[in-house]
Amino acid sequence: HRLACLEEMADIADFYAHRTVFITGGTGFMGKLMVEKLIRSCPRVEKVYLLVRCKGKHSGQERVNELLESELFVEARKACPDFAQKVVAVPGDLVQERFGMSEHDYETIVNKVSVVFHVAATVKFTEHIKVAVEVNVLVVKRMLELCRSIKTLAALIHVSTAYSHTTRDFIEETVYPPCFDPHKLIEVMGTLDSHMASALQPHLVASRPNTYTFTKSIAEALVASYSTQFPIAIVRPSIIGSTWKAPIPGWVDNFNGPAGICLAVGTGLMRVMPGKEEALADVVPVDTVANYTLAVPWFISVKEPQAKDAMTARVFNLTSGSTNACKWEVWMKSIINSYQKFPIENKIFRRPHFYFADGDSWYYFFRRAIFHYFPARAADILFGLVGQPPKMIKAVEKLDRVCKELGFFTTQGWKWENRNGQALGAAMSESDRREFDIDMTKIHWPSYVEAMCIGVKKYLLKEDMARVHIARRALRRMMVFNFLFKFFGLYCLVNMLLPFLRRRGFRRSPLTLVVPALVVSCV
C-alpha cells in the first residue's frame, strides 16, 4: 500500500495534491515566491495557511488579499483562477505563545496541516541580541512544539542561512554542535534586561559577524534535537537575489542584499566599499530558492524517507558557488554596465562607478573621503543655499554602516558541501526539473544582474521603462557636467600652483599640467 502511495506521488505537484500547508514568513520576500509557486505549479494543493500579523488598520486577511492581487500572481491566476480561496490568513504574532493564534485556528493547523515551512526570521545583521534570540531561536522552539502536536505531519522545513557557520572554511551538510545550549540561551536572555544583554552580546557572538548568523546557528541545533520525533530538513540558502526566470524575471521587493547594492551603485551614491574583486559572490535567485525549498519535503518524504529509529535532520546547502561560481568583480562591472544602458531616472547622484578596497587600508579611507564624504558635504551645502535640509551626509553615514556589515561577506569566501542538493536534482523527473528548476549552472550572471538592475527600477523605484531614453539623456548631461566640473577645478588648481612652480624653475607650458588634468577628469 505504501509503495502504491509513493508511486502516486512521483512528481512534486502530486505530493502536494490535497495537502494543507502552513507557512510562516509568507508575506516576506522568499515567502511570497513560495506561495506563488505552490499555487501556480501545484494547483491541487488543498489550502495554504499563512501566519500573518495585523498591521495598522489592515487585518491579516486584508494583507494577504493585497498580496494576491499584486502583479507577482498574474501567472498563478491563469493557472488557478480560484487560487485566492486556497490562501488563508491565520492572524497571529510570532513572538506570542502559540503564535497568538485563536483556539479555532490552532486546532485547524494541528488537525489539517501536513507540511510546515518556517521561513520567518529577523534578518537584520545589527539586531539586538535579545530580539534576535527571541525571533530566531525562541520562535523556532515554539514552532517545533507546534509541529509535535500536528497529527499528520509529513515534513517540517526550517530555513536557515549558508552563513550560519562562518567560523569554518568548508561547511558540510550537517548540524554542528552549538557554542551555547539553545534552551539555556533562551532562559538567560529571558531574565536579562536590554543593557545587560548588550554587555553580554560580544562574548556570545564572539568570532561570528553578527547576531543573525549567531542565532541561526543556535536554531539549527535546536531543530536537530527534535529530528527523532518527526521528519525535519534544514535549508541553507546563501545571499538571496531577485528572481531569475519565473514568474517575472528580475522581480524584487526590498532593498536588502544585492538589490540595495545595485541601487547604491546605480545612483552613484556608493563608489567604494570593503571587499575583494576575486572573492566569491554567492548569490542565489529567490525563485530557485522557492523551487528548492518546496521540493525538499517531497524528497525526504517520498524519495529518501528515513526509518523512524534512525531519523536525523537533513541539511541542504543551497549555494551557487559550488555549481556556477561568480566573483564580485563580475557583479560590480555588470551593475555599472546595466545602469549605463538603463540609468536610474530620478534619484541619481552621480554617474555609476565603483571600486573595491581593503576595509582597513588607507586606500579605502582615502577613497571613502574623496568619493563619499566630500561630495555629500558639498551637496548638503548646496541644499542649504536653496533652503532645503541637508540629507546627503546622513545617507552616506548610513551607507557606510551597511558597507561595514557587508564587508565581512565581500572580503571572504567559503566552500559548501552540495551532496544532498545533487541528490535532490537527480531524483526529480524531467518535468519536475523544468517546473521546479534548481539548476544554477545555466545562469549567465551578467544577464541576471542586468535583469535585477532593471527590476530595481521597475518594482522598487516604480520607474517607467518607456522613459529610459530620458534617463539616458540625463546621464549624458551629468557626465558632461562632471567632466567640466573636474576639469575646471583642476585647471584652477594648476593656475594657482604655476607661480610657485616657476619660482622652482618650471619653464614648460601650462598645458603640460592641464592635459594630465584633462585625463584625470575623465576617470
Side-chain angles (χ1 to χ4, degrees), residues 1-27 30-52 61 64-65 67-70 72-90 105 108-119 147 150-157 230-231 233 235 243 245-248 287-305 424-425 427-438:
H1 176 70
R2 176 172 172 76
L3 288 174
C5 290
L6 293 178
E7 288 175 1
E8 290 176 2
M9 295 187 291
D11 289 336
I12 296 171
D14 295 329
F15 171 77
Y16 284 104
H18 313 299
R19 285 188 184 274
T20 298
V21 178
F22 181 48
I23 303 176
T24 65
T27 57
M30 176 180 166
K32 290 176 183 177
L33 265 294
M34 290 181 63
V35 174
E36 191 278 337
K37 184 64 178 179
L38 260 177
I39 297 300
R40 177 163 51 88
S41 298
C42 308
R44 290 179 293 160
V45 66
E46 185 72 24
K47 291 285 184 184
V48 179
Y49 288 105
L50 306 182
L51 184 69
V52 184
Q61 191 60 54
V64 169
N65 291 341
L67 168 64
L68 300 181
E69 291 168 4
S70 67
L72 182 66
F73 285 82
V74 170
E75 294 300 319
R77 196 171 291 111
K78 294 177 183 176
C80 184
D82 63 341
F83 78 100
Q85 299 174 14
K86 294 176 178 286
V87 184
V88 180
V90 177
D105 288 337
T108 300
I109 299 301
V110 167
N111 293 318
K112 294 185 177 181
V113 166
S114 62
V115 180
V116 176
F117 295 97
H118 183 57
V119 185
C147 288
I150 293 177
K151 296 178 179 178
T152 57
L153 185 65
L156 163 64
I157 309 303
F230 45 83
V235 177
T243 53
K245 293 191 295 186
I248 309 169
D287 51 333
T288 303
V289 178
N291 290 343
Y292 194 108
T293 306
L294 290 171
V296 168
W298 162 82
F299 181 71
I300 67 172
S301 299
V302 177
K303 288 298 178 179
E304 289 193 7
L424 173 61
M428 288 184 178
S429 64
E430 284 299 322
S431 60
D432 274 348
R433 288 184 190 134
R434 289 190 299 270
E435 191 63 34
F436 294 85
D437 192 358
I438 61 173

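Because the structure is predicted, anything quoted here is derived from the model rather than measured.
Residues S41 and Y16 fail the side-chain proximity criterion, which asks for heavy atoms closer than 4.5 Å. Residues V289 and L33 are not in side-chain contact: their nearest non-hydrogen atoms beyond the backbone lie 4.5 Å or more apart. Using a 4.5 Å heavy-atom cutoff, the side chains of L38 and I23 are in contact. Residues I150 and F230 form no side-chain contact, since every pair of their non-hydrogen atoms from C-beta on lies 4.5 Å or further apart. No side-chain heavy atom of M428 sits under 4.5 Å from any side-chain heavy atom of R434. Looking only at side-chain heavy atoms (C-beta outward), W298 and D11 stay at 4.5 Å or farther from each other.
Here the straight-line distance linking atom NZ of K37 with atom OG1 of T293 works out to 12.5 Å at 0.5 Å rounding. The OG atom of S114 lies 12.0 Å from the NE2 atom of H18; values are rounded to the nearest 0.5 Å. One distance of note links CG of D432 with CZ of F299; it measures 13.0 Å at 0.5 Å rounding. Here the CZ-CG distance, from F436 to L424, works out to 11.0 Å after rounding to the nearest 0.5 Å. Note: L156 CG to H118 NE2 = 8.5 Å, rounded to the nearest 0.5 Å. One distance of note links CD1 of I39 with SG of C80; it measures 6.0 Å at 0.5 Å rounding.
A side-chain donor-acceptor contact under 3.5 Å links N291 to the backbone of D437. No donor-acceptor pair closer than 3.5 Å links the side chain of T288 to the backbone N or O of I438. Between the side chain of D287 and the backbone N or O of K245, at least one donor-acceptor pair lies under 3.5 Å.
When all heavy atoms are compared, the tightest approach of P247 to R40 is N-NH2, 4.0 Å. The shortest heavy-atom contact between Q61 and V87 is NE2-O, 3.9 Å. For the pair I12 and L294, the tightest heavy-atom approach, listed with the atom from each and the gap, is CG2-O, 4.3 Å. Nearest heavy atoms, G26 versus L67: O-CD2, 4.1 Å. Contact between S301 and P305 at its shortest, heavy atoms only, is O-CB, 3.7 Å. The two residues K303 and A427 have their closest heavy-atom pair at CE-O, 3.8 Å.
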Side chains of residues 42-51: which donor-acceptor pairs under 3.5 Å do they make with residues two or more places apart or in other chains?
unit_1 : atom_1 : unit_2 : atom_2 : d
R44    : NH2    : D14    : OD1    : 2.5
K47    : NZ     : Q85    : O      : 2.9

Show me, pair by pair, the donor-acceptor contacts under 3.5 angstrom made by side chains of residues 72-79, not counting sequence neighbours?
unit_1 : atom_1 : unit_2 : atom_2 : d
E75    : OE2    : K78    : NZ     : 3.4
R77    : NH2    : L68    : O      : 2.6

*Please walk me through it: do E69 and N65 pass side-chain hydrogen bond (donor to acceptor under 3.5 Å, both in side chains)?*
CA-CA 6 Å; E69 291 168 4; N65 291 341; 5.9 Å; no
_From CA spacing to verdict: side-chain contact (heavy atoms from CB on, under 4.5 Å), V116, I109_ = CA-CA 10 Å; V116 176; I109 299 301; 5.9 Å; no
_Could you go through V115 and R19, starting from their C-alpha distance and side-chain angles, then the distance that decides it, and tell me whether this counts as side-chain contact (heavy atoms from CB on, under 4.5 Å)?_
CA-CA 8 Å; V115 180; R19 285 188 184 274; 4.2 Å; yes
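Counting only N and O atoms by type, the side chains of K112 and T108 include no donor and acceptor under 3.5 Å apart.
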